[in-house]
Novice: 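First the structure, which I've put down as structure tokens, then a few questions once you've had a look.
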Amino acid sequence: MKQFLLCTAIALVAAMPVSRLDAHDHTDGWMPLPVGGDTIGKGSTEEHPTRYYLTADTRLEKDLVVTDNAVVTLCLNGYQLTGTGQNPVIRVSSAHFTVCDCREGSDAPEHQHPYYENADGLFVFDDGTDEWDSQYEAADNTGVIAGGVITGGRGDWNIDIYANYGGGINVLRGHLTLESGAIAGNRATSGNKTDYTGGAGISVFEGEVVVNGGQVAGNTSTAQGGGIYAAGYLTLNGGKIWGNKAYQGGGIFTSSQAGVVVMNGGEVSGNTTDWDGGGVMADIKSQFTLNGGLITGNTGRGSGGGIRIDEAKASTINGGTVADNIGKFGCDLSVSCCDGNTITIKGGVIAGNTASSDTFLGKNIYINYLHYDDAECFVTGGYMGLIDIERDSVIEGGFFTEPLPSNYLAEGCISIPAGDGVAGYREGFPHAVYKRDTTAAGIAPAIAPGSPVYDQAPIEPGTDFTLAGIPDSLYAVYAYRTDTAAPLAYGLPTDAGTHHVTITLLHADGRWHYGQTPFDITIAKAEWTGEKSIGGTVIAGQGGSIVLPEIPEGAYYGLPSGNSHLLDLYIADGQLHYTGSDGIEPGEVYTLVVPVGEGVNYHIFAILVQLTGGVSSSIQTVADDPLCVVGTHGQLHVSGSEASTVYDLNGKVVYQGFDRVINLPGGVYVVRVGYEVRKAVVM
């Protein structure tokens, strides 16, 4: 069984997986972007949009401003667009702006953009100076982005709109769509790390951003939102937000009533914070919904390595995977609720092995502040790792890596081990929560308590043990104990004795259960009245065999054990084969025991074998001679440490070497060891 994965940050990958668009021909209505920058898109409309493309790596003389109400598309064409370093590279105010890159993933030299990561975590791209070359050579972390890049922007606190202008692209009451290309190596600065400012890659204020592809990488904010700051609508359908850094919300930060983030796909990975929300942070009054995608390998030095929900108005997890993140409180998910806030988990995977830095009881999920009466948490599905929730009675479904304390379960719910054959089971999440179905009172079958007695066969799930009256739509899960005070063991008993069994019926199409029915069952061992002892003769240095008594149908012989003077013990064709050591004495009795079993944990009886020492040997040997040659069934045993040579009766050498046990066909052989020669018979 595979465990979910260690909570450590994943290795960062510089280049996005290649997802190339068809190359624009840049002829039908396209125009080169003005090198000087400044205002673009004047007079454009939805019917007549303006479309620009880069013709080479471009350093702007003035930052780009998209005219109000304009409809503009910019194709990076695999090149690097560098801002002035004083303001956002691009500002979008009350306009529709689309960024794409028809050369994304290109391996052409002119589309390869190397960078190094500086001490602040910022990706710094080649500016053609000797200083950059020397810093690149000295850097610990370097990489290349293949395709177009928007870089070199800076966003500062704007007191007029009480927000940050953002670094790469700033959207103010406008609309931005990122189809492809990279927004990387931009900064957002603030005098106070808690000023609710940021968005080093992208910031949106009362506008809308849709990410369908591309990447937002290697941007840094001294406050919030290393990758994206959303005080507006943000929808992720694809793309990758990675390698960004901030004080809070390393990948994405959202806040205020206008902040609404919906993640349907894409990836948020390898982002870091100095405090909360390594991957995503949803702050006061905002809303966050996770429907799909991957949040992994992020690190928050405070709460929520993957996701931090801090008094957000509503947060819902319907799908996606949140795993292998590091956080001090809540390795993958940390939630604080109050003032009418709600957190709802209906699906998805939130799990991963606990990071060593997760100091709060080693939990993947940590939900607190539910002691406020108007704060609510609902868990009705999903696949969960270790969890800690402050309030009782919040879980009504889902699969977990640990048995849940009963005070977490809503009234009428139970937590039981799931397994193969149970609806919705997933490897690695062995405990499932089922809610009692009170809408179909007559569906549970009437199972009369009883004490059935079984013969030799142990009870095995699905084969020897069945109950009549269980509808096809239900699964049966069994638990048992031998003592009413003992803890339940799940499955069916196999040992002999009387057991108290409980059957729980589960619905095949949903996480519902239909009560638990107790009954007793008795399992009896088989009894065998046939022959259980046998005798024979053993001679020093000679192999022999003895026919064992008949055993019941379906039973089997165990491994023989007993007196160490008896060698080469094995059972074949109902016979016990053996060889006596040189220590066998005439008249002495040597004892062996052959166990006989049937089924699981069923030893029916043991056969007692007593062999009396004999006085003769068919093997040529000399008293007190250190060389001893013994022939047994298919084998020749040679004592000593010198090399031996074995001849057949025609004088042909059939073996030469140091082996003490030599496999040979039946016949008569001559063995030479040094100057000594012996004859032996192999049966």
Side-chain angles (χ1 to χ4, degrees), residues 9-18 35 37 54-61 63 76-90 99 101 103-155 166-169 180-189 199-202 214-222 226-227 239-246 250-251 267 269-274 297-299:
I10 64 170
L12 302 183
V13 181
M16 286 285 291
V18 176
V35 177
L54 296 181
T55 59
D57 289 347
T58 302
R59 179 175 293 276
L60 295 171
E61 298 172 5
D63 301 301
L76 299 176
N77 199 23
Y79 293 109
Q80 181 175 307
L81 178 64
T82 305
T84 63
Q86 302 301 316
N87 296 299
V89 180
I90 303 171
V99 175
D101 178 23
R103 307 293 182 186
E104 185 177 56
S106 169
D107 56 4
E110 64 270 24
H111 302 145
Q112 300 286 300
H113 303 291
Y115 67 84
Y116 69 86
E117 184 178 337
N118 71 10
D120 296 325
L122 181 73
F123 289 4
V124 181
F125 289 87
D126 189 355
D127 60 4
T129 65
D130 293 339
E131 181 182 1
W132 185 92
D133 291 340
S134 61
Q135 291 173 331
Y136 178 84
E137 291 296 330
D140 293 329
N141 296 315
T142 62
V144 174
I145 287 186
V149 181
I150 296 174
T151 189
R154 172 175 170 168
I169 301 177
S180 50
I183 301 173
N186 301 281
R187 297 176 295 160
T189 63
I202 299 172
Q215 54 186 317
V216 180
N219 305 283
T220 63
S221 171
T222 59
K240 185 174 180 179
I241 317 298
W242 68 279
N244 303 283
K245 184 177 180 181
E267 179 178 329
S269 62
N271 303 282
T272 61
T273 62
D274 293 327
N298 303 283
T299 301

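Residues: numbered from 1 along the sequence shown. Note that the coordinates shown come from a computational prediction; the quantities given were computed from them, not determined experimentally.
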Novice: Could you check whether any side-chain N or O of Asp101 sits under 3.5 Å from a backbone N or O of Asn77, counting only pairs where one atom can act as donor and the other as acceptor?
Specialist: yes
Novice: Kindly say whether Gly153 contributes a backbone atom to a donor-acceptor pair with the side chain of Asp63 at under 3.5 angstrom?
Specialist: no
Novice: Of all residues at least two apart in sequence or in a different chain, which pass the salt bridge (Lys or Arg N to Asp or Glu O under 4.0 Å) check with Asp274?
Specialist: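 Residues passing salt bridge (Lys or Arg N to Asp or Glu O under 4.0 Å) with Asp274: Arg301.
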Novice: Which atoms form the tightest heavy-atom contact between Gly214 and Glu104, and what is the distance?
Specialist: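 Heavy atoms only, the tightest pair is CA-OE2, 3.6 Å.
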Novice: Measure up the Phe125 and Phe123 rings against each other and bin them: parallel (under 30°), tilted (30 to 60°), perpendicular (over 60°).
Specialist: perpendicular
Novice: Using the side-chain contact (heavy atoms from CB on, under 4.5 Å) rule, pick out the option among Val35, Thr82, Ile90, Leu81 that qualifies with Leu60.
Specialist: Leu81
Novice: Within this structure, what is the CD1-CG distance for the pair Ile150 and Leu76, rounded to the nearest 0.5 Å?
Specialist: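 If we round to the nearest 0.5 Å, Ile150:CD1 and Leu76:CG are 5.0 Å apart.
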Novice: What distance separates Arg187 CZ from Thr151 OG1, expressed to the nearest 0.5 Å?
Specialist: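 Spacing of CZ (Arg187) from OG1 (Thr151) equals 10.0 Å.
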Novice: Taking only residues two or more places apart in sequence, or in another chain, which ones meet Ser134 in a side-chain hydrogen bond (donor to acceptor under 3.5 Å, both in side chains)?
Specialist: none
Novice: Where do Ala246 and Gly226 come nearest, in terms of heavy atoms and distance?
Specialist: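 Looking at all heavy atoms of both residues, the shortest contact is CB-N, 3.4 Å.
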Novice: I need the minimum non-hydrogen distance between Thr84 and Glu61, along with the two atoms involved.
Specialist: CG2-O, 3.7 Å
Novice: Rounded to the nearest 0.5 Å, what separates atom CG in Asp57 from atom CG in Asp126?
Specialist: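 That separation rounds to 9.0 Å.
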Novice: Considering all heavy atoms of both residues, which atom of Val89 and which atom of Gly152 are nearest to each other, and what is their separation?
Specialist: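 That closest heavy-atom pairing would be CG2-C, 4.1 Å.
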Novice: How far apart are the closest heavy atoms of Tyr115 and Val144, and which atoms are they?
Specialist: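 That closest heavy-atom pairing would be CE2-N, 3.6 Å.
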Novice: Would you say Asp120's side chain and Leu122's backbone share a donor-acceptor pair under 3.5 angstrom?
Specialist: no
Novice: What I'd like to find out is whether the side chain of Asp127 reaches to under 4.5 Å of the side chain of Arg59, using heavy atoms alone.
Specialist: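 When only atoms from C-beta onward are counted, Arg59 and Asp127 do touch, with a gap below 4.5 Å.
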Novice: Start with the C-alpha distance between Glu267 and Trp242, add both sets of side-chain angles, then the distance that settles side-chain hydrogen bond (donor to acceptor under 3.5 Å, both in side chains), and finish with yes or no.
Specialist: CA-CA 8 Å; Glu267 179 178 329; Trp242 68 279; over 6 Å; no
Novice: Is a side-chain N or O of Thr58 found less than 3.5 angstrom from the main chain of Ala56, in a donor-acceptor match?
Specialist: yes
Novice: Would you say Asn271's side chain and Asn244's backbone share a donor-acceptor pair under 3.5 angstrom?
Specialist: yes
Novice: So, for His113 and Gly147, which heavy atoms are closest and what is the spacing to 0.1 Å?
Specialist: CD2-O, 2.8 Å
Novice: Tell me, please, which residues at least two apart from His111 pass ring pair (Phe, Tyr, Trp, His ring centres under 6.0 Å).
Specialist: Tyr79
